[in-house]
Amino acid sequence: MVAKVHFKNLEDISYREAGIFENTRYEKIHNIVFDESNRASEIVAREIAGFMRDKQARNEKCILGLATGSSPIRVYEELVRLHKNERLSFKNVVTFNLDEYYPMEKENEQSYHYFMHDHLFNHVDILPENIHIPRGDLKPDEILDFCIDYEKKIKAYGGLDFQLLGIGRTGHIGFNEPGSHNSSRTRLITLDYLTRTDAAPSFLGLEKVPKRAITMGIGTVKEAKRIVLLAWGENKASVVKETIEGTISSQVPATYLQGHKNTTFILDQGAASMLTQYHTPWKVGPCEWTEDLIRRATVWLCDLTSKSILKLTDKDYNDNGMESLLAQEGSAYDLNIKMFNVLQHTITGWPAGKPNADDSNRPERATPEKKRIIIFSPHPDDDVISMGGTFDRLVDQGHDVHVAFQTSGNIAVSNHDALKFAEVGLELNPDNAVFKKIVEQVKAKPEEEFNTPELLKVKGFIRQKESLGATRYVGINDTNVHFLNLPFYETGTVKKNALGVADVNIVKSLITSIKPHQIYAAGDLADPHGTHKVALDSILQAIEDIKSEPFMNDCWVWLYRGAWHEWGIHEIDMAVPMSPDQVLRKRKAIFFHQSQKDGVMFQGDDSREFWVRAEERNKDTALKYRRLGLADYEAMEAFKRYHF
């Protein structure tokens, strides 16, 4: 459900307009769901701007509580745009940030002091004396007095007019981790392991993430006159559901916001996906039984009852809020057969279509018999991790398969791996100045992860050659392998640039030159470093620009998911089975990416290696199909078709 009209600010959005009028009986916090985060962020920025202008008109200070992290970045970008293009002034604004790591120097790029100046303060006319951010460089005996003084300053201004929040997967707001008290105030706190794990990519390793932070308290936050919380992506869906629909608990500190009278959660569809009204809408009231919803409900009911599709009874449907579906379809017998066939038809061993076959009930077209195909891989190993079995099948079935690695992936190579290759290079060529410099740089700081132009160059080559090893193993000619090195990624740091015209043009040029019948792209937006989303956006924008070209009429787009999530069974449009031998071949293809084995830098909170994650995920997908009463395979890779 998505807001479909233009609003001056969030208060203009009624429940009905936002599409959440009658189905909110489980929800204890007002929330609004948007198609995507950019539009939502712009509306939030406009509400903040409205507060600022109203205060200016009354010659009053506007007191803002601000958050950091990835969620509010687009809000800050829009506020900067409003300042530059629409003369929005910050001269009457006083800000108080939620938190800061401890210990942390202001100049450190990982500090929230640096973050706020980089994303907002350096680009607007706010007075420096009106900026307040917890200090991470305090001496231990200074912390208590600082926290007390921070609270006094907020109260001296009459409290916060507006508080912007994100939410962590532990349910923390600010750095109020599980166990935080409802009346807590600004203080030093120990960070939860999961919180530190989520921050690890930015710090180039978990061990470098501070274990403590200074944070504004729950009680301080709740005294704000207006609170808006932002949450984007499926990896936030579980904690969003628990916060909005669960009971108030110190174990999920965000649930304390249920007691605030003027709070709104702003969500994208991924973050809202577990809310009852979206996940199981038949439990909250009448719903329109579309084909997609029937699939979701049937799979959900099988899981709930531990039955296969063909064993579901009228009573199963009626007892679980689906009596209207049963009335629409006639009987469980008829409905079960219908849904069994729908799901059975998603399974195919011919991912690019089976030649000379009836394709009316197959996921892909039979013609043309030999297709031109582009597999887009955000990082240099996503192709084999996410769809290595299907990749192998496409090549084996004689299609013209191209692989496009969208980014170099250079920052994901450790300095020790780069050192190893540089030392080999020096053995072959003792006079190579680049290799000499790398050896000197890494040995001078053996315990640090850092990047220099020389290191980035070698790291990029390492990942290129690993990729070529894998594609050659699958059977792809080197001429069909494309290293795009999209500019948005090539910053040499974890922080990336926004998607630009140059990125889109590179992707567009490749698609136009190959004129593919199939495009495979990563739809795994739970990727913790955000590269997958930008990589996908580059493809979707390129498709939007060229969709009127005649060859695009014959181009189908299939989205795979990577090491972080898999499509739900009800979402899958094509499931490609793998035999035990194909599972082993996929594993061997992944092993060519040696720099990403045994201590990969961006592991996330899953300690398994990527090949193990992929293998177990593929086997789990096959198991879910078997439990539905469908064919029994060793493993399956799943895809969802994107319609443009």
Side-chain angles (χ1 to χ4, degrees), residues 345-378 382-406 470-471 474-477 479-482 484 506-524 532 535-562 567 571-578 582 586 589 618 636-644:
H345 293 157
T346 64
I347 302 172
T348 181
W350 299 82
K354 186 174 183 179
N356 305 313
D358 178 7
D359 59 11
S360 56
N361 287 318
R362 292 180 174 274
E364 255 290 359
R365 305 148 290 173
T367 58
E369 182 175 328
K370 302 300 180 185
K371 293 181 173 66
R372 293 183 299 276
I373 297 166
I374 303 176
I375 298 172
F376 281 102
S377 182
D382 287 313
D383 56 331
V384 289
I385 288 174
S386 303
M387 54 171 292
T390 303
F391 187 171
D392 191 45
R393 189 74 62 85
L394 292 168
V395 174
D396 187 58
Q397 291 172 355
H399 300 286
D400 181 20
V401 181
H402 294 252
V403 186
F405 298 106
Q406 292 176 271
T471 54
V474 174
I476 293 288
N477 191 292
T479 57
N480 280 26
V481 181
H482 311 270
L484 304 186
I506 291 170
V507 174
K508 192 160 50 177
S509 176
L510 180 68
I511 295 174
T512 303
S513 65
I514 295 174
K515 297 179 174 55
H517 300 98
Q518 279 189 331
I519 288 174
Y520 289 87
D524 191 349
H532 281 212
L536 179 61
D537 287 345
S538 72
I539 298 168
L540 300 186
Q541 185 58 58
I543 289 172
E544 183 66 23
D545 291 350
I546 63 175
K547 66 183 181 182
S548 60
E549 295 287 336
F551 75 87
M552 290 299 291
N553 292 329
D554 296 320
C555 181
W556 287 19
V557 178
W558 292 98
L559 300 180
Y560 60 81
R561 285 193 163 176
W567 298 112
E571 299 174 293
I572 296 171
D573 294 317
M574 180 166 68
V576 181
M578 292 186 288
Q582 288 170 322
K586 174 174 177 173
N618 295 158
M636 302 175 92
E637 292 175 336
F639 303 86
K640 183 174 180 61
R641 188 177 168 195
Y642 172 77
H643 296 271
F644 58 89

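Predicted model only: the values in this text are computed from it and were never measured. Every heavy atom of this structure was used, including side-chain atoms; hydrogens, water molecules and symmetry mates were not.
Nearest heavy-atom pair, Ala589 versus Val384, reported as atom, atom and distance to 0.1 Å: CB-CG1, 3.9 Å. When all heavy atoms are compared, the tightest approach of His517 to Pro368 is NE2-CG, 3.5 Å. The minimum heavy-atom distance linking Tyr560 with Ser386 is given by the pair CD1-CB, 3.2 Å. Taking all atoms of both residues into account, the shortest heavy-atom contact from Leu536 to Gly523 is CD2-CA, 4.2 Å. Between Lys371 and His399, the closest heavy-atom pair is N-ND1, 3.0 Å. Here the shortest heavy-atom pairing between Leu484 and Leu510 reads CD2-CD2, 4.2 Å.
Under the 3.5 Å distance criterion, the side-chain polar atoms of Lys370 are matched with a main-chain donor or acceptor of Gln397. Looking only at distances, no side-chain donor or acceptor of Asn361 sits under 3.5 Å from a matching main-chain atom of His345. Looking at Trp567, its side chain does come within 3.5 Å of a backbone N or O of Leu559 through a donor-acceptor pair. Ser377 places a side-chain N or O within donor-acceptor distance of the main-chain N or O of Asp382, the cut-off being under 3.5 Å.
Side-chain contact check for Asn480 versus Asp400: some heavy-atom pair is nearer than 4.5 Å. The shortest side-chain heavy-atom distance between Glu364 and Thr348 does not fall under the 4.5 Å cut-off. Residues Asp392 and Met578 fail the side-chain proximity criterion, which asks for heavy atoms closer than 4.5 Å. Phe551 has its side chain within reach of Pro516: a pair of non-hydrogen atoms, C-beta onward, lies under 4.5 Å apart. The shortest side-chain heavy-atom distance between Trp556 and Arg365 falls under the 4.5 Å cut-off. No side-chain heavy atom of Tyr642 sits under 4.5 Å from any side-chain heavy atom of Ile519. Side-chain contact between Pro351 and Tyr520 is present, with at least one heavy-atom pair separated by less than 4.5 Å. For the pair Gln582/Arg393, a side-chain contact is recorded, criterion being any heavy-atom separation below 4.5 Å from C-beta on.
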- request: Could you go through the side chain to side chain donor-acceptor pair (under 3.5 Å) check for Gln406 and Ser538 one step at a time?
  value: CA-CA 9 Å; Gln406 292 176 271; Ser538 72; 3.2 Å; yes

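Interatomic distance, Phe391 CZ to Ile375 CD1, rounded to the nearest 0.5 Å: 4.5 Å. Within the model, atoms NZ of Lys547 and CG of Leu540 stand 11.0 Å from one another, a figure rounded to the nearest 0.5 Å. Note that CE of Met636 is 11.0 Å distant from CE of Met574, once rounded to the nearest 0.5 Å. Expressed to the nearest 0.5 Å, how far OG1 of Thr390 lies from NZ of Lys586 amounts to 7.5 Å. In this structure, the separation between CZ on Arg641 and OG1 on Thr346 is 15.0 Å, given to the nearest 0.5 Å. Summarising the geometry, atom CD1 belonging to Ile373 is positioned 4.5 Å from atom CG belonging to Leu394; distances are rounded to the nearest 0.5 Å.
The aromatic rings of Phe639 and Trp558 sit perpendicular to each other, their planes meeting at more than 60°, with 30° as the lower class boundary.
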